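Lettering follows sequence order; numbering is per chain, from 1. Quantities reported herein were computed from a predicted structural model and do not represent experimental measurements.
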2 protein chains.
Amino acid sequence: MSKKNSEKILGKCVIQEILDIIGGKWSMSIIFALLHGTKRFNELQKLVTNINTRMLVKELKNMEENGIVIREVFATVPPTVQYTLTEKGRKLEPSLTELFKWGEEFVN
Amino acid sequence: MSKKNSEKILGKCVIQEILDIIGGKWSMSIIFALLHGTKRFNELQKLVTNINTRMLVKELKNMEENGIVIREVFATVPPTVQYTLTEKGRKLEPSLTELFKWGEEFVN
DNA sequence: CTGAATCCCCAGCGATACTG
DNA sequence: CAGTATCGCTGGGGATTCAG
């Protein structure tokens with residue numbers, strides 16, 4: 001990492017903005033779950049261990065506003081809602097992969 | 001990312017443990033600052049914009065307990081304390097670099 | 001099935017003043 | 001210089017219930 005970049009990070013606080021988007025307790029887990037493809041609300045709740053309805057709704061809404069996921073509603077009975085990662089969301093995969101590699105090596 | 005890995009992440013909540021270590025508001029900024037080498041408490045406070053004494057102390061202590069940084073005290077007058085990234089800490093650089101690349105491309 | 005609405009709690013964070 | 005010690009807040013997060 002160049003010195004120029006580190007100045008940007010610390011000076012303009014890019015990190016803070018990044019954390020606003022994916023720093024939530026469940027954001028990264030949700031993104032992970034969506035990396036394998038579109039999921040329904042229901043499926044996400046099962047995949048992301050211990051998350052409750054309220055937080056899942058909240059994080060998904062937040063992620064939608066930040067252009068990380070796309071929300072598609074189908075007027076069926078019962079209702080069906082699908083969540084899909086956007087390009088912006090999918091491009092987080094390298095970051096998450098690196099973090100995960102680090103976790104595997106050093107956590108515990 | 002393999003399906004096997006994603007199960008580990010979501011099932012055993014590795015992400016949560018990672019976020020416990022580097023999910024704090026200032027942790028990543030501090031690590032960034034330390035990537036260029038050992039820094040004194042004083043220097044860190046100048047480099048990490050807008051952080052206050054209490055939080056800097058707290059994060060550094062937390063990072064020390066998690067084996068991210070090493071704290072060295074010199075019995076000089078006035079006192080000198082140096083903080084240095086450990087191997088474990090330095091190996092976070094790829095993750096931070098990826099996150100930063102993403103931020104540069106998509107934030108704003 | 002997919003949320004919206006409430007209520008509530010506490011941990012994370014900030015500001016400031018003080019000390020060896 | 002490098003922290004401690006207090007005080008206070010606010011908002012992130014949890015549990016639960018209701019609704020279309």
Could you please spell out the steps behind the side chain to side chain contact (heavy atoms under 4.5 Å, CB included) verdict for Met28(B) and Leu92(B)? CA-CA 9 Å; Met28(B) 293 192 192; Leu92(B) 276 167; over 6 Å; no

For Asn52(B), which contact category applies under a 4.0 Å heavy-atom criterion: base, sugar-phosphate, or nothing? base

Return the set of residues passing side chain to side chain donor-acceptor pair (under 3.5 Å) with Lys101(B) (not counting sequence neighbours), or none when no residue passes. Glu98(B)

Tell me, which of residues 67-75 of chain A have any heavy atom that sits under 4.0 Å from an atom in DNA chain D? none

Over its full length, what angle do the end axes of the helix from dC1(C)-dG20(D) to dG20(C)-dC1(D) make, each axis taken from five pairs and the result rounded to 10 degrees? 50°

Provide the closest heavy-atom pair for Ala33(A) versus Leu47(A) in the form atom of the first, atom of the second, distance. CB-CD1, 4.1 Å

Using the test salt bridge (charged side-chain N to carboxylate O under 4.0 Å, His left out), find all partners of Lys25(B) that sit at least two apart in sequence or belong to another chain. none

Checking Val69(B) against Thr86(B) for the side chain to side chain contact (heavy atoms under 4.5 Å, CB included) test, could you report, in this order, the C-alpha distance in whole Å, the side-chain angles of both residues, the deciding distance, and whether it holds? CA-CA 5 Å; Val69(B) 301; Thr86(B) 62; 5.6 Å; no

Could you work out, with side-chain contact (heavy atoms from CB on, under 4.5 Å) as the rule, every residue matching Asn52(B), not counting sequence neighbours? Arg54(B), Met55(B)

Reckon Arg54(B) touches a base, only the sugar-phosphate, or nothing at all at heavy-atom distances under 4.0 Å? base

Would you say the side-chain atoms of Ser29(B) pair up with the backbone N or O of Val48(B), donor to acceptor, closer than 3.5 Å? no

Set of residues satisfying side-chain contact (heavy atoms from CB on, under 4.5 Å) with respect to Leu60(A), sequence neighbours excluded: Ile30(A), Phe41(A), Leu44(A), Leu56(A), Tyr83(A)

Result for 5'-nearest mapping on DNA chain D, choosing between Asn42(B) and Trp26(A), is Asn42(B)

Among residues two or more places apart or on two chains, list those pairs meeting salt bridge (Lys or Arg N to Asp or Glu O under 4.0 Å) that have a residue in residues 62-87 of chain A. Glu87(A)-Arg90(A), Glu87(A)-Lys91(A)

Any side-chain to backbone donor/acceptor pair from Thr97(B) onto Glu93(B)? Under 3.5 Å, distance only. yes

Nt span of DNA chain C in reach of chain A heavy atoms at under 4.0 Å, 5' end first, is dC1(C) to dT6(C)

Measure from the side-chain N and O atoms of Gln16(B) to the backbone N and O of Cys13(B), and report whether any donor-acceptor pair falls under 3.5 Å. no

With Thr84(A) via side chain to side chain donor-acceptor pair (under 3.5 Å) - residues at least two apart: Thr38(A)

By side-chain contact (heavy atoms from CB on, under 4.5 Å) - contacts of Ile21(B) (at least two apart): Trp102(A), Val107(A), Asn66(B), Ile68(B)

Reading DNA chain C from 5' onward, which residue's closest nucleotide shows up sooner: Thr53(B) or Arg40(A)? Arg40(A)

First-last contacting nucleotides on DNA chain D - partner chain A, under 4.0 angstrom, heavy atom: dG13(D) to dG20(D)

